[in-house]
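Read the structure below first, then the notes.
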There are 2 protein chains.
Amino acid sequence: MKSECKICAIKSKAASKLSDEEIEELSFNCALVKFHKGDSLIKQGTFSTNVAYLRSGLAKIHIEGPYHEQIVRIVKAPTYLGLPTTFGDKINQYSVTVIEEAEVCFIDINAFRDLLNSNPDFSYEIMLELCSNELEVFHRCANRTQKQIRGKIADVILEFSNKIYNANSFAMPLTQEDIGNLVDSSRESISRVMTEFEKDGIIRFSGKKIEILNKKTLLLISANG
Amino acid sequence: MKSECKICAIKSKAASKLSDEEIEELSFNCALVKFHKGDSLIKQGTFSTNVAYLRSGLAKIHIEGPYHEQIVRIVKAPTYLGLPTTFGDKINQYSVTVIEEAEVCFIDINAFRDLLNSNPDFSYEIMLELCSNELEVFHRCANRTQKQIRGKIADVILEFSNKIYNANSFAMPLTQEDIGNLVDSSRESISRVMTEFEKDGIIRFSGKKIEILNKKTLLLISANG
DNA sequence: AATAAATTGTGATGTACCTCACATTTTATT
DNA sequence: AATAAAATGTGAGGTACATCACAATTTATT
C-alpha cells in the first residue's frame with residue numbers, strides 16, 4: 001500500500017471509516033498529484049471519471065456565470081471534489097482551481113462507487129459532507145445578496161481568518177478581482193473598502209498580507225451590512 | 001402496510017430501490033400529513049428527529065437572511081426535505097413552507113438512517129439528490145447575483161413554466177414579495193417589470209394567473225441580463 | 001537587474017434599483 | 001355582503017455601487 005494513503009485515512013473523516021483492505025484497494029486506484037497556484041483541478045464542461053480528493057492546500061470552486069466567473073466556495077483540505085460528476089452525467093459542472101499549493105488524489109469513479117456501496121459508514125460521511133456543503137452555499141448566498149459591500153468583505157476576511165488560517169494575520173491567496181467574484185462586486189469597490197478599513201484602523205494590509213487589528217468592529221460590520 | 005407507501009415507492013426514485021419489507025418497515029415509522037398553502041413544514045432553528053418526504057405539492061425552502069427572508073429553492077414533489085438535519089445536529093437549518101397543497105410523510109430519522117445503512121442503492125439515490133441540489137443552488141446563485149431584474153424575473157417565469165408546471169399558462173403560487181425574496185429584489189421592482197413584460201406583449205397576467213405569450217423573447221431576456 | 005505583465009489605487013460620472021408614499025385592487029374573515 | 005387584511009401598481013427621489021480611465025505599484029519572466 002502506498003504510505004500516503006494511510007495518512008489520508010487518518011486525516012479524512014470519511015476515509016477513517018475505511019478498513020485496511022479498502023484503503024489498500026483504493027491505493028491502487030488513485031494517483032497523487034501536486035498542483036501549483038493557478039492550476040486547474042477540475043474544469044467545468046469537461047468529461048471526468050475521477051473524484052478528486054484534496055489532500056492538502058486550498059482551492060476555489062467556481063462556475064461560469066452569465067457575465068463573469070463566480071466563485072461559489074473556497075475549499076480547504078481535506079475534502080472531496082467533483083462528487084456531482086460522479087453521481088451525474090460525468091460532465092464537470094464546476095471548475096476547481098488551486099489557490100494555494102495542493103496535493104490531490106484522483107480516485108477512479110468506480111473504485112469510489114464500490115466503496116460507497118460496500119461501506120455504509122463511509123457513504124454516511126460523504127452524505128454529511130454534501131449536506132454541509134449545501135448549507136454553506138445557502139448561507140453564503142444569503143449573505144452575498146443581502147449585505148452591502150463592507151459587510152461582504154468583512155465576511156471574507158473573517159472567513160479566512162477563522163475558518164481557513166486560524167490566525168489574525170495571513171496572506172490572502174485571492175486577488176481583489178477574485179474577492180469581487182466571490183462576493184459579487186467590482187474589483188475597484190473591493191480596493192476602496194479595503195483602504196477604508198485600513199483608514200478606520202480595522203485592518204492593516206500590504207500586498208497579499210492582511211492583519212486584523214480590530215476583529216470586534218469587523219464582526220459588527222459583518223452583522224450590520 | 002399502508003397503501004400510500006406502495007404508491008410512494010413507485011413515484012420516488014430513491015424509494016423505488018426499497019424492498020417490500022423495507023417499505024413495510026418504513027410504513028410503520030412514517031405518518032402522512034396534509035398541509036395547506038402557507039403552512040410550515042420545517043421551521044429553521046427548531047429541533048427535529050424526522051425527515052420530511054414531500055409526497056405531493058410544492059414548497060419553498062427559505063432561510064432567515066441578515067435583513068429579510070431569502071428563498072433559496074422551490075421544491076416540487078417528490079423530494080426529501082430536511083436531510084441536513086438528519087445528518088447534522090438535529091436543528092433545522094432552513095425553513096420549508098408549503099406554497100401549494102401538499103402531502104408530507106414524516107419519517108423517523110432512525111428508520112431513515114437504517115435504510116441508508118442497509119440499502120446502498122437507496123443511499124446512492126439520496127446522494128444523487130443531494131448533489132443535484134447543490135448544483136442547482138450554485139447556478140441559482142450565479143444567476144441571482146449577476147443578472148439584472150428583467151433577466152431574473154424571466155428566469156423565474158421560465159422555471160415555473162418549464163420545470164414545475166410544464167405549461168405556458170399557470171397560477172403563480174408566489175406573491176411578488178416572494179419572488180423578490182427569491183431573486184433578491186424589491187417587491188416594487190417585480191411589479192414594475194411584470195407590467196413592463198405585459199406592455200411588451202411577452203406575458204399576460206391578472207391576479208395569480210400568468211400566461212407566456214412570447215417564450216422566445218423571455219429566453220432572450222433571461223440570457224442577456 | 002531589467003522588462004513585461006498583472007494587480008491595485010483613486011477620481012469622475014452614470015445608472016439600476018431601492019425606498020418611501022399612497023392609491024388601488026385582490027383575497028381573506030366575520 | 002360587509003369589512004378587514006394582503007397584495008399590487010406607480011410616481012418621485014435618493015444612493016450604493018458599477019463602469020471608465022489612467023496612474024502607481026507589485027509580482028512574474030527573461
Side-chain angles (χ1 to χ4, degrees), chain A residues 36-39 65-71 97 99-101 143-154 156-157 171-200 203-210 221 224-225, chain B residues 36-39 60 65-71 97 99-101 144-154 156-157 171-200 203-210 221 224-225:
Chain A
H36 301 293
K37 187 168 182 161
D39 289 347
Y67 286 99
H68 53 82
E69 280 295 294
Q70 171 117 19
I71 300 179
T97 302
I99 57 176
E100 215 165 64
E101 300 308 282
N143 284 336
R144 172 153 45 197
T145 47
Q146 287 186 30
K147 290 184 184 174
Q148 44 199 68
I149 284 202
R150 286 170 60 91
K152 296 195 281 186
I153 296 180
V156 172
I157 296 174
M172 167 57 70
L174 299 178
T175 65
Q176 291 185 357
E177 173 130 36
D178 277 336
I179 299 179
N181 291 339
L182 181 61
V183 304
D184 278 291
S185 298
S186 69
R187 192 219 98 213
E188 292 94 327
S189 295
I190 311 293
S191 174
R192 272 185 259 267
V193 171
M194 295 281 280
T195 23
E196 218 177 286
F197 281 179
E198 178 142 51
K199 269 187 200 137
D200 297 350
I203 61 170
R204 188 187 308 143
F205 78 104
S206 67
K208 304 272 97 184
K209 192 105 183 170
I210 295 182
I221 294 171
N224 295 318
Chain B
H36 301 292
K37 186 168 183 161
D39 290 346
K60 58 179 179 184
Y67 287 100
H68 53 81
E69 280 294 295
Q70 171 116 18
I71 300 179
T97 302
I99 57 175
E100 213 165 68
E101 299 308 286
R144 173 155 42 199
T145 47
Q146 288 186 29
K147 291 184 186 177
Q148 45 199 68
I149 286 202
R150 287 171 59 90
K152 296 195 282 187
I153 296 181
V156 172
I157 296 173
M172 168 56 70
L174 299 177
T175 65
Q176 290 186 356
E177 174 130 35
D178 277 336
I179 299 178
N181 291 338
L182 181 62
V183 303
D184 279 290
S185 299
S186 69
R187 192 221 98 212
E188 294 94 324
S189 295
I190 311 293
S191 176
R192 272 185 258 267
V193 172
M194 295 282 279
T195 24
E196 218 176 287
F197 280 180
E198 177 141 52
K199 268 188 201 135
D200 297 349
I203 60 168
R204 189 188 304 146
F205 78 104
S206 66
K208 304 272 98 184
K209 194 104 185 172
I210 295 182
I221 293 170
N224 294 319

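If you're wondering where the values come from, they're calculated on a predicted model, not measured in any experiment. Every chain is numbered from 1 and lettered A, B, ... according to where its sequence line falls, protein lines coming before strand lines.
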Has B/Lys152 got a side-chain atom pairing as donor or acceptor with B/Val183's backbone, closer than 3.5 angstrom?
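It does hold such a pair.
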Is it the case that the side chain of B/Gln176 and the backbone of B/Ile190 share a donor-acceptor pair, with hydrogens and angles ignored and the cut-off at 3.5 Å?
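Side chain of B/Gln176 to backbone of B/Ile190: no pair is present.
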Would you mind classifying the nucleic acid contact of A/Asp178 as base, sugar-phosphate or nothing, using non-hydrogen atoms under 4.0 angstrom?
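Counting heavy atoms under 4.0 Å across all strands, no contact is made by A/Asp178.
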Please round to 10 degrees the angle between the axis of the first five pairs and the axis of the last five pairs in the helix from C/dA1-D/dT30 to C/dT30-D/dA1.
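Inter-axis angle at the ends, rounded: 70°.
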With sequence neighbours left out, write down each residue that passes side chain to side chain donor-acceptor pair (under 3.5 Å) with [X], or none if nothing qualifies.
X	value
B/Glu100	B/Tyr165
A/Glu69	A/His62
A/Ser189	A/Ser186

Could you state the atom-to-atom distance from [atom1] of [X] to [atom2] of [N] in whole Å?
X	N	atom1	atom2	result
B/Lys209	C/dT27	NZ	C1'	17 Å
B/Gln148	D/dT19	CD	C1'	13 Å
A/Arg150	D/dT15	CZ	P	17 Å
A/Gln146	C/dC17	CD	P	17 Å
A/Ile149	C/dC17	CD1	P	16 Å
B/Ile153	D/dT8	CD1	P	12 Å

Residues forming a side-chain contact (heavy atoms from CB on, under 4.5 Å) with A/Thr195, sequence neighbours excluded:
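Listed in chain order: nothing, the list is empty.
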Could you pull out all residues at least two apart from B/Glu196 that satisfy side-chain contact (heavy atoms from CB on, under 4.5 Å)?
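Residues passing side-chain contact (heavy atoms from CB on, under 4.5 Å) with B/Glu196: B/Arg150.
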I'd like a table of atom pairs between the protein and nucleotides 3-11 of chain C - only N or O on both sides, under 3.5 Å - with the distance next to each one.
{"from": "C/dT8", "atom 1": "OP1", "to": "A/Lys208", "atom 2": "NZ", "distance (Å)": "3.2"}
{"from": "C/dT8", "atom 1": "OP2", "to": "A/Gln176", "atom 2": "N", "distance (Å)": "2.8"}
{"from": "C/dG9", "atom 1": "OP2", "to": "A/Gln176", "atom 2": "OE1", "distance (Å)": "3.2"}
{"from": "C/dG9", "atom 1": "OP2", "to": "A/Gln176", "atom 2": "NE2", "distance (Å)": "2.6"}
{"from": "C/dG9", "atom 1": "OP2", "to": "A/Ser191", "atom 2": "OG", "distance (Å)": "2.7"}
{"from": "C/dG9", "atom 1": "O5'", "to": "A/Ser191", "atom 2": "OG", "distance (Å)": "3.4"}
{"from": "C/dG9", "atom 1": "N7", "to": "A/Arg187", "atom 2": "NH2", "distance (Å)": "2.7"}
{"from": "C/dG9", "atom 1": "O6", "to": "A/Arg187", "atom 2": "NH2", "distance (Å)": "2.9"}
{"from": "C/dG11", "atom 1": "N7", "to": "A/Arg192", "atom 2": "NH1", "distance (Å)": "3.0"}
{"from": "C/dG11", "atom 1": "O6", "to": "A/Arg192", "atom 2": "NH2", "distance (Å)": "3.4"}

Scan for salt bridge (Lys or Arg N to Asp or Glu O under 4.0 Å) pairs involving residues 180-191 of chain A, sequence neighbours excluded, and state none if there are none.
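Salt bridge (Lys or Arg N to Asp or Glu O under 4.0 Å) check on residues 180-191 of chain A returns A/Arg144-A/Asp184.
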